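Got a structure for you, written out below as structure tokens; questions coming shortly.
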Amino acid sequence: MQKLSVKQARDASSIGLTAKVQGWVRTRRDSKAGFSFIEINDGSCQGNVQAIVPNTLSNYESDIQRLSAGCSVYIDGLIVASQGQGQATEIQATEVGVYGWADPETYPLQKKRHSFEKLREWAHLRPRTNALGAVARVRNCICNSIHEFYQERGFLYVHTPIITASDCEGAGEMFQVTTLDLNNLPRDKDGRVEIREDFFHRPTYLTVSGQLEGETYACALGKIYTFGPTFRAERSNTSRHLAEFWMIEPEMAFYELDDNMDLAEAFLKRLFGDALEKNQEDMEFLNLRVDTTLIETLQGILAAEFKRLPYTEAIEILLKSDKQFQYPIKWGDDLQSEHERYLTEEYFKSPVILFNYPRKIKPFYMYCNDDGKTVRGMDVLVPKVGEIIGGSQREHRLEMLSLRMQETGLNADDYWWYLDLRRFGTVPHAGFGLGLERVVQFVTGMANIRDVIPFPRFPGNAEF
RNA sequence: GCUCUUGUAGCUCAGUCGGUAGAGCAAGCGGCUGUUAACCGCUGGGUCGUAGGUUCGAGUCCUACCGGGAGCGCCA
């Protein structure tokens with residue numbers, strides 16, 4: 001017998017087909033008119049398909065009337081136009097079989113709404129809920145759009161290492177990777193750990209960014225992007241940080257800062273637009289249940305240019321503002337969350353690309369402007385989520401890069417291969433990093449980043 | 001890491017001035033119905049996060065610890 005997904009079975013084009021539909025029961029309603037309504041969902045779409053199950057089936061009393069939320073079943077029958085409101089089709093069941101029961105006394109998910117905090121305790125079951133299912137499908141859509149966007153533009157997908165010996169920007173706490181027995185560490189005569197006995201004969205870590213490795217491929221192949229997991233061992237306890245998250249890092253030879261900003265804006269707009277267009281049902285659900293301004297906000301962003309603002313002008317706006325900030329700001333300071341929020345949510349009411357930051361607050365690899373005070377870094381800020389992209393035109397001049405490494409206290413010997421890119425055929429280039437979960441968070445309107453990744457990792461929590 | 005907040009039935013929560021536990025939903029049973037987060041009735045369900053303390057008496061006040069959340073810093 002032909003199998004149909006719930007999505008297919010819900011579509012009017014399936015009317016007249018005899019088919020098998022498999023999924024999990026969401027709800028059952030018995031009718032004394034001689035049948036039961038069973039709604040099942042299989043994750044293929046937001047909606048459920050309704051089956052009309054007559055009490056003439058041999059297992060009606062033994063099985064059908066015992067079905068509750070969470071049971072897995074197959075339903076064979078004829079897809080017909082629904083007599084009721086609310087759905088185009090329904091299944092006239094001729095056979096229903098149970099794969100697995102879900103004891104209603106102990107099955108955690110109820111038909112009614114749960115809080116996202118509670119669902120986090122059941123990360124293994126929460127994808128069966130409407131909201132988390134919608135998030136998973138939107139996340140998938142975004143990932144697909146990421147590849148499409150870059151592949152269409154001739155970017156190469158490059159895989160940078162997850163285990164790394166370089167601590168990239170010298171910023172961010174890293175998870176150390178070791179095979180040494182922590183209860184019995186090899187030590188030299190001074191009591192220090194013999195790291196040479198470790199697997200790689202040197203300290204190694206989980207990557208915080210593939211940028212430096214990405215630059216090596218951009219400086220050979222032109223336009224590349226990475227898309228993979230990234231790790232930060234910072235004890236961040238906020239609704240927008242994870243210890244393990246996915247990052248997209250395009251890196252382009254012969255791109256300068258303006259090119260970088262153009263790409264970032266086109267990229268985000270593509271992701272937002274695709275989510276609205278390809279996941280309409282899920283987006284409407286999220287707009288109804290999670291954030292009622294969601295679709296309007298995204299459509300507004302698609303229709304307008306991102307505001308591009310030099311850091312220095314941003315400081316002027318903040319200084320002129322009559323808003324009382326908890327932390328006063330002056331030129332040379334990094335913006336606090338409250339300042340970013342003011343710019344995106346109140347002053348411009350749109351995404352903002354800040355660029356040309358003070359040299360002193362940015363990493364060594366950003367291109368130094370002629371003014372000697374600023375570097376060609378850029379951050380894309382969006383309302384609520386804050387920084388969604390961080391990037392820069394890279395410093396491609398060997399002398400300047402070496403000077404900046406000295407300034408920031410880095411050892412040039414550790415970056416010999418990175419400096420080689422400037423020694424041999426150096427070119428202007430640029431790139432940025434986009435946090436996947438922050439995009440998903442922004443597009444879905446979910447308040448907490450821990451609910452847009454299947455199994456979130458954060459301080460003190462690695463269950464599942 | 002810091003600050004604030006919160007923890008009561010499977011879930012969401014109420015519980016007044018400190019006086020010994022309550023609702024809705026869910027579940028079980030029954031009724032009704034082309035229903036649709038169905039509806040109506042009945043029933044069962046609690047070591048009030050844990051450990052101390054104050055008090056004649058603590059869900060309620062105090063302390064510590066554990067868990068959840070928000071904000072800040074760090075960033076994506």
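What's counted below: heavy atoms across the whole structure, side chains too, no hydrogens, waters or symmetry copies. Please read these numbers as outputs of a predicted model, since none were measured by experiment. In what follows, chains carry the letters A, B, and so on, assigned in the order in which the sequence lines appear, proteins first and then strands, with residues in each chain numbered from 1.
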- [ ] Return the set of residues passing salt bridge (Lys or Arg N to Asp or Glu O under 4.0 Å) with A:R308 (not counting sequence neighbours), or none when no residue passes.
- [x]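 For A:R308 the salt bridge (Lys or Arg N to Asp or Glu O under 4.0 Å) partners, ignoring immediate neighbours, are A:D262, A:E265.
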Check residues 49-56 of chain A and write down every donor-acceptor pair under 3.5 Å in which the side-chain atom is one partner and the other belongs to a residue at least two apart or another chain.
residue: A:Q50; atom: OE1; partner: A:R29; partner atom: NH2; Å: 3.3
residue: A:Q50; atom: NE2; partner: A:E90; partner atom: OE1; Å: 3.2

TODO: Would you indicate what A:Q85 reaches in the nucleic acid, counting non-hydrogen atoms under 4.0 angstrom: base, sugar-phosphate, or nothing?
DONE: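 If one applies the 4.0 Å heavy-atom cut-off, A:Q85 turns out to touch a base.
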Open item on the list: Run the side chain to side chain donor-acceptor pair (under 3.5 Å) test against A:Q92 and tell me which residues pass, sequence neighbours left out.
Closed with: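 With sequence neighbours excluded, A:Q92 shows a side chain to side chain donor-acceptor pair (under 3.5 Å) to no residue whatsoever.
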TODO: Find the runs of at least 3 consecutive base pairs, i with j, i+1 with j-1 and so on, that include RNA chain B, using Watson-Crick or G-U wobble geometry with both distances under 3.5 Å.
DONE: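 Stem list for RNA chain B: B:1-7 with B:66-72, B:10-13 with B:22-25, B:27-31 with B:39-43, B:49-53 with B:61-65.
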TODO: Check RNA chain B against residues 68-83 of chain A and give the residues with a non-hydrogen atom under 4.0 Å, in numerical order.
DONE: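 Close to the strand are A:S82, A:Q83.
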TODO: Identify whether any heavy atom of A:R26 sits under 4.0 Å from a base atom; if not, whether one sits that close to sugar-phosphate; answer base, sugar-phosphate or nothing.
DONE: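 Nothing, no heavy atom under 4.0 Å.
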Open item on the list: Measuring from the side chain of A:K118 (C-beta onward, heavy atoms only), which nucleotide among B:A76, B:C11, B:U35 has the closest atom?
Closed with: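 The nucleotide sitting nearest to the side chain is B:C11.
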Open item on the list: Just to verify, what does A:R450 make a salt bridge (Lys or Arg N to Asp or Glu O under 4.0 Å) with, not counting sequence neighbours?
Closed with: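 Checked A:R450 against salt bridge (Lys or Arg N to Asp or Glu O under 4.0 Å); zero matches.
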Throw together a table of side-chain donor-acceptor distances under 3.5 angstrom for residues 239-247 of chain A, partners on residues two or more places apart or in other chains.
residue: A:R240; atom: NH2; partner: A:S337; partner atom: OG; Å: 3.4
residue: A:H241; atom: ND1; partner: A:T238; partner atom: OG1; Å: 2.6
residue: A:H241; atom: NE2; partner: A:R438; partner atom: NH2; Å: 3.4

- [ ] Between A:K362 and A:T238, just flag the one whose closest nucleotide in RNA chain B comes earlier from the 5' side.
- [x]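 That would be A:T238.
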TODO: Name all residues meeting the side chain to side chain donor-acceptor pair (under 3.5 Å) criterion together with A:W101; count only those two or more places apart in sequence or in a different chain, and write none if there are none.
DONE: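 Per chain and number, A:W101 pairs via side chain to side chain donor-acceptor pair (under 3.5 Å) with no residue.
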- [ ] Tell me which nucleotide among B:G1, B:C74, B:U12 gets nearest to the side chain of A:R240.
- [x]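 Taking heavy atoms from C-beta onward, the closest nucleotide is B:C74.
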- [ ] Please work out which residues in residues 442-450 of chain A have a non-hydrogen atom less than 4.0 Å from an atom of RNA chain B and list them by number.
- [x]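 A:N448, A:R450, in order of number.
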Open item on the list: What contact category does A:Q441 fall into here, base, sugar-phosphate, or nothing, at under 4.0 angstrom with non-hydrogen atoms?
Closed with: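 The residue A:Q441 makes no contact with any strand.
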Task: Base of B:G34 and ring of A:F35 stacked, centres under 5.5 Å, planes under 30° - done: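 No.
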TODO: Have a look at A:S236 and say if it touches a base, only the backbone sugar-phosphate, or nothing, with a 4.0 Å heavy-atom cut-off.
DONE: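 Counting heavy atoms under 4.0 Å across all strands, the contact made by A:S236 includes a base.
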Open item on the list: Just to be sure I understand the rule, does A:S36 reach a base, reach only the sugar-phosphate, or reach nothing, if contact means heavy atoms closer than 4.0 Å?
Closed with: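 Contact class for A:S36: none.
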Open item on the list: Closer than 4.0 angstrom, basic N to acidic O: yes or no for A:E395 and A:R404?
Closed with: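 No, no charged N to carboxylate O under 4.0 Å.
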Atom pairs and distances, donor-acceptor, side-chain atoms in residues 68-78 of chain A, under 3.5 Å, two or more places apart:
residue: A:S68; atom: OG; partner: A:A102; partner atom: O; Å: 3.3
residue: A:S72; atom: OG; partner: A:G100; partner atom: N; Å: 2.9
residue: A:S72; atom: OG; partner: A:G100; partner atom: O; Å: 3.4
residue: A:Y74; atom: OH; partner: A:E95; partner atom: OE2; Å: 2.8
residue: A:D76; atom: OD1; partner: A:K20; partner atom: NZ; Å: 3.1
residue: A:D76; atom: OD2; partner: A:K20; partner atom: NZ; Å: 3.4

Open item on the list: Using a heavy-atom cut-off of 4.0 Å across all strands, would you classify A:H114 as base, sugar-phosphate, or nothing?
Closed with: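 The residue A:H114 makes sugar-phosphate contact but no base contact.
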- [ ] Specify the residues of residues 92-104 of chain A, ordered by number, for which at least one heavy atom lies under 4.0 angstrom from an atom of RNA chain B.
- [x]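 Correct list: A:Q92, A:P104.
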- [ ] Check every strand shown and say whether A:G433 touches a base, only sugar-phosphate, or nothing at a heavy-atom separation below 4.0 Å.
- [x]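 Sugar-phosphate, backbone atoms only, no base.
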Open item on the list: Taking the ring centre of each residue, are A:F355 and A:Y311 less than 6.0 Å apart?
Closed with: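 Not close enough - the centres of the two rings lie 6.0 Å or further apart.
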TODO: Mind checking side chain to side chain donor-acceptor pair (under 3.5 Å) for A:D274 and listing every partner two or more places apart, or none if nothing turns up?
DONE: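 A:D274: side chain to side chain donor-acceptor pair (under 3.5 Å) contacts with A:S145, A:R270.
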Open item on the list: I want to confirm an ordering. Mapping A:R341 and A:Q87 to their closest nucleotides on RNA chain B, which one lands closer to the 5' end?
Closed with: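 Final value for this comparison: A:Q87.
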